[in-house]
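From a predicted model like this one, the values you see are computed outputs, not experimental measurements. Throughout, numbering of the chain's residues begins at 1 and tracks the sequence. Counting starts at 1 for both ligands and their atoms, following the listed order.
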Amino acid sequence: MSEPLVIIGNGMAAARLVEELSVRALGRYAIAVVGEEPRLAYNRVLLSAVLAREIAASEIVLKSAAWWRGRGVTLLHGHAAVGVDPHVRRVRLANGATLPYAKLVLATGSRPLRLPLPGMSLPGVLTFRDLGDVSAIAGAAARGRKAVVIGGGLLGLEAAYGLARAGAHVSVIHLMDRLMERQLDARASALLKSAMEQKGIMVHLQARTAALRGIRRIEAVELADRRILEADLVVVAVGIRPNVELARTASLEIGRGVIVDDGLRTSNADIFAIGECAEHRGTCYGLVEPAYEQARVLAQRLAGDARATYAGSVLATNLKVSGVNVFSAGDFLGGPGTETIVLSDPGLDTYKKMVVADGRLIGTVLYGDTEDGLWYLDLIRSGASITKIRHDLAFGRMLAQRAAA
Ligand SMILES: Cc1cc2nc3c(=O)[nH]c(=O)nc-3n(C[C@H](O)[C@H](O)[C@H](O)COP(=O)(O)OP(=O)(O)OC[C@H]3O[C@@H](n4cnc5c(N)ncnc54)[C@H](O)[C@@H]3O)c2cc1C
């Protein structure tokens, strides 16, 4: 008989896990997926494109209902899991039902952070995490409205772009002295700032939000230096926190996320965690590629391969703002013992930076021409020697490979 395998969270990691399991161990498990969002799993990365009206919400569904049915998966979407009792191996749902499991996978993702400031719960103050948020932002963002985005990271800038496309007057408030400081160096960041400004988006750097003001709904954002920005809506994009509430009910070991080993196993031998809710070797990832890598390794484990190991991921980021190409991967800042190769052409609006250590590429930032981003990422991941292609490395794949041939 098939063992009951319950997956909590019908997001990107869960969908990939089922896909990987269906090719490796179809029939071995009776799979149930529980998700609190009232819809089929979708590609969350493309929410920005939906907000910018570049694609429709219906186009981002990952797998059709027939696909899930065809793999014998019981889909319980629109149901939140509220507790796990490891002693009797059961998951409790919000509607009072319980589900038995032999193996349990937590894939509960993250929750957007809100700031502990006055006015944060006023109507018109929104976050940007799911399709419900996209509908709320799009509904509030009519032409001529004043929108303030708090947070100049990837999500904040993509939200700002979507709002500007809807005709809103948009300002971005960012605490740090440069945009996307976790992915870009100062130079790329400055280029990005002027590109956003050319799209009509005002950028305020080193700006600390002090309070959100309004009587019945949001009316303005007050900064610590007393400046007031009028606002008909505010999008808060200041970061995410791994969603560990359910793991707590099972008394699992928790750091920032649910702590897992190289086999994605939590402190309970029958419970696993993948995706943004998991913490592996001290790191919680906020991108989809690590979630997919973890899903593959966990599927191998669940299919019986006890040697399958997840050793961590090299991160790469791509900003999805039309006409603004930005790519960053690995250790793009460098430090002692590293060398930096820079190719900069302001006329072509292109900037490329490669960080090299011990004859290997360890990080890159690309602005403008990002076409070879994945090739650089492969070089970083493989740790291949770049000695033979160093001369032409910054000029991109074609030239570098021709030179090496
Ligand atoms: C606007 C936006 C743009 C992004 N762009 C990029 C990008 O360009 N590149 C990139 O790599 N990443 C990007 N990301 C991040 C990427 O979407 C996430 O890394 C990825 O979705 C993580 O997958 P996950 O399955 O761990 O979490 P999620 O996809 O968030 O899935 C978790 C699911 O679990 C559900 N859940 C939580 N608790 C419970 C419970 N108790 N019971 C039932 N269900 C529950 C949640 O409702 C959610 O549906 C972006 C994210 C957003 C919001």
Side-chain angles (χ1 to χ4, degrees), residues 6-18 32-52 60 62 75-84 91-95 99 104-113 126-134 137 149 151 153-162 180 183 235 237 239-250 257-258 260 264 273-280 284-295 298 313-321 326-329 373 377:
V6 174
I7 305 173
I8 312 288
N10 63 332
M12 298 189 77
R16 181 54 69 93
L17 175 64
V18 173
V33 179
V34 180
E36 67 187 0
E37 289 189 68
R39 50 180 63 88
L40 292 169
Y42 56 87
N43 187 339
R44 202 172 299 282
V45 171
L46 293 178
L47 283 180
S48 309
V50 176
L51 181 64
I60 66 170
L62 285 169
L75 264 191
L76 297 166
H77 50 67
H79 290 272
V82 292
V84 176
V91 176
R92 255 177 304 118
L93 305 188
N95 65 3
L99 291 176
L104 176 67
V105 179
L106 303 179
T108 50
S110 301
R111 301 242 187 255
L113 287 174
L126 308 166
T127 52
F128 186 25
R129 178 71 195 179
D130 58 31
L131 262 173
D133 295 333
V134 170
I137 297 171
V149 176
L154 178 105
L155 244 59
L157 295 179
E158 292 182 0
Y161 171 65
M180 285 181 72
Q183 289 92 11
V235 177
I240 51 173
R241 174 172 297 137
N243 187 353
V244 296
E245 286 139 45
L246 199 62
R248 261 190 234 292
T249 70
V258 186
V260 293
L264 287 320
I274 55 171
E276 285 187 359
C277 69
E279 176 177 329
H280 174 260
C284 294
Y285 295 99
L287 294 170
V288 74
E289 202 48 46
Y292 282 175
E293 289 171 23
Q294 292 170 358
L298 180 55
S313 301
V314 174
L315 296 184
T317 315
N318 229 325
L319 182 71
K320 302 177 296 297
V321 169
V326 175
F327 181 87
S328 147
L377 179 61

*Leu246 N/O to ligand 1 N/O under 3.5 Å*: no
*Do Ser328 and Gln183 have side-chain N/O donor and acceptor atoms under 3.5 Å apart?*
no
*asked:* Checking a contact table here: which protein heavy atom is nearest atom 52 (C) of ligand 1, and how many Å away?
replied: Leu155 CD1, 3.6 Å
*Which value, rounded to the nearest 0.5 Å, describes the distance between Leu377 atom CG and Thr317 atom OG1?*
10.0 Å
*When only distance counts, is Val288 in polar contact with ligand 1, meaning an N/O pair under 3.5 Å?*
yes
*asked:* Looking at Thr108 and Asn243, would you say the former's side chain and the latter's main chain have a donor-acceptor pair under 3.5 Å?
replied: yes
*Using a strict 4.0 Å cut-off to heavy atoms of Ala80, name the atoms of ligand 1 that fall inside it.*
42 (N), 43 (C)
*Report yes if the side chains of Tyr161 and Leu319 come closer than 4.5 Å at any heavy-atom pair, otherwise no.*
no
_Could you tell me, atom by atom, which parts of ligand 1 come under 4.0 Å of a heavy atom of Arg129?_
27 (O), 28 (P), 30 (O), 53 (C)
_Heavy-atom nearest neighbour in the protein, as seen from atom 7 (C) of ligand 1, with distance rounded to 0.1 Å_ = Lys320 NZ, 3.4 Å
*For Glu245, is the nearest heavy atom under 4.0 Å from an atom of ligand 1?*
no
*Any nitrogen or oxygen of Met12, main chain or side chain, under 3.5 Å from a nitrogen or oxygen of ligand 1?*
yes
*If you count the atoms of ligand 1 from 1 in the order shown, which ones are under 4.0 Å from a heavy atom of Gly286?*
15 (C), 19 (O)
_Counting non-hydrogen protein atoms only, what is the nearest one to atom 13 (C) of ligand 1? Give residue, atom name and distance._
Val45 CG2, 3.5 Å
*Go through ligand 1 atom by atom and flag the ones less than 4.0 Å from a non-hydrogen atom of His79.*
43 (C)
_Nearest-contact summary for atom 27 (O) of ligand 1 - protein heavy atom, Å_ = Gly109 CA, 3.3 Å
*Shortest protein contact, atom 34 (O) of ligand 1 (heavy atom only)*: Gly9 CA, 3.2 Å
*For atom 17 (O) of ligand 1, what is the nearest protein heavy atom, given as residue, atom name and distance?*
Arg44 CB, 3.3 Å
_Region of Ile8 that comes within reach of ligand 1 [heavy atoms, distance under 4.0 Å]_ = side chain
_Beyond-backbone contact of Tyr42 with Leu47, side-chain heavy atoms, under 4.5 angstrom_ = yes
_Which atom of Cys277 lies closest to which atom of Val244, heavy atoms considered_ = O-CG1, 4.3 Å
*Side chain of Asp133, backbone of Leu126: donor and acceptor closer than 3.5 Å?*
no
*asked:* Counting only nitrogen or oxygen atoms and a 3.5 angstrom limit, does Glu289 reach ligand 1?
replied: no
*Quick one: look at Asp130 and ligand 1, take heavy-atom pairs under 4.0 Å, and tell me if it's side chain, backbone, both or neither.*
neither
*asked:* So if I apply the side chain to side chain contact (heavy atoms under 4.5 Å, CB included) rule between Asn10 and each of Glu36, Arg39, His79, His77, which one comes out positive?
replied: His77
*Tell me which protein heavy atom sits closest to atom 10 (C) of ligand 1, plus the residue, atom name and distance to 0.1 Å.*
Leu287 CD2, 3.4 Å
*List every atom of ligand 1 that sits less than 4.0 Å from any heavy atom of Thr108, numbering the atoms from 1 in the order shown and giving each element.*
32 (C), 34 (O), 37 (C), 38 (N), 39 (C)
*Could you name the option among Ala13, Pro242, Ala107, Gly35 that has the heavy atom nearest to atom 33 (C) of ligand 1?*
Ala107
*Would a 4.5 Å heavy-atom cut-off, applied to side chains only, mark Glu276 and Pro242 as touching?*
no
_Interatomic spacing from CG in Leu155 to NZ in Lys320 - rounded to 0.5 Å_ = 7.5 Å
*asked:* Which residue and atom name correspond to the protein heavy atom nearest atom 49 (O) of ligand 1, and how close is it?
replied: Glu37 OE2, 2.6 Å
*Hey, does Glu36 come in under 3.5 Å of ligand 1, counting only N/O atoms on both sides?*
yes
*Under 4.0 Å from ligand 1, counting heavy atoms only, is it the side chain of Phe128, its backbone, both or neither?*
both
*Carefully, step by step, assess Arg16 and Leu62 under the rule side-chain contact (heavy atoms from CB on, under 4.5 Å).*
CA-CA 9 Å; Arg16 181 54 69 93; Leu62 285 169; over 6 Å; no
_Quick check on contacts: which atoms of ligand 1 are under 4.0 angstrom from a heavy atom of Gly275?_
26 (O)
*Any chance the side chains of Gln294 and Tyr285 put a donor and an acceptor closer than 3.5 Å?*
no
*Looking at CG of Leu287 and OH of Tyr292, how far apart are the two atoms once the value is rounded to the nearest 0.5 Å?*
12.0 Å
_Residue pair Phe128, Val149: steps toward the side-chain contact (heavy atoms from CB on, under 4.5 Å) verdict_ = CA-CA 10 Å; Phe128 186 25; Val149 176; over 6 Å; no
*State the atoms of ligand 1, each with its element, that fall below the 4.0 Å cut-off from a heavy-atom position in Ser48.*
1 (C), 3 (C)
*Going by distance only, is there an N or O of Ala81 that falls short of 3.5 Å from an N or O of ligand 1?*
yes
*Less than 4.5 Å apart, any side-chain heavy atom of Leu75 and any of Leu40?*
yes
*Counting heavy atoms only, which part of Asn243 comes closer than 4.0 Å to ligand 1: side chain, backbone, both or neither?*
side chain
*asked:* side-chain contact (heavy atoms from CB on, under 4.5 Å), that's the test. Do Arg44 and Arg129 meet it? Break it down for me.
replied: CA-CA 8 Å; Arg44 202 172 299 282; Arg129 178 71 195 179; 3.8 Å; yes
*Considering distance alone, does some N or O of Glu276 sit under 3.5 Å from an N or O of ligand 1?*
yes
*asked:* At less than 4.0 angstrom from any non-hydrogen atom of Val34, what atoms of ligand 1 do you find?
replied: 43 (C), 44 (N)
*Verdict with supporting geometry, Leu106 and Leu246, side-chain contact (heavy atoms from CB on, under 4.5 Å)*: CA-CA 8 Å; Leu106 303 179; Leu246 199 62; 4.0 Å; yes
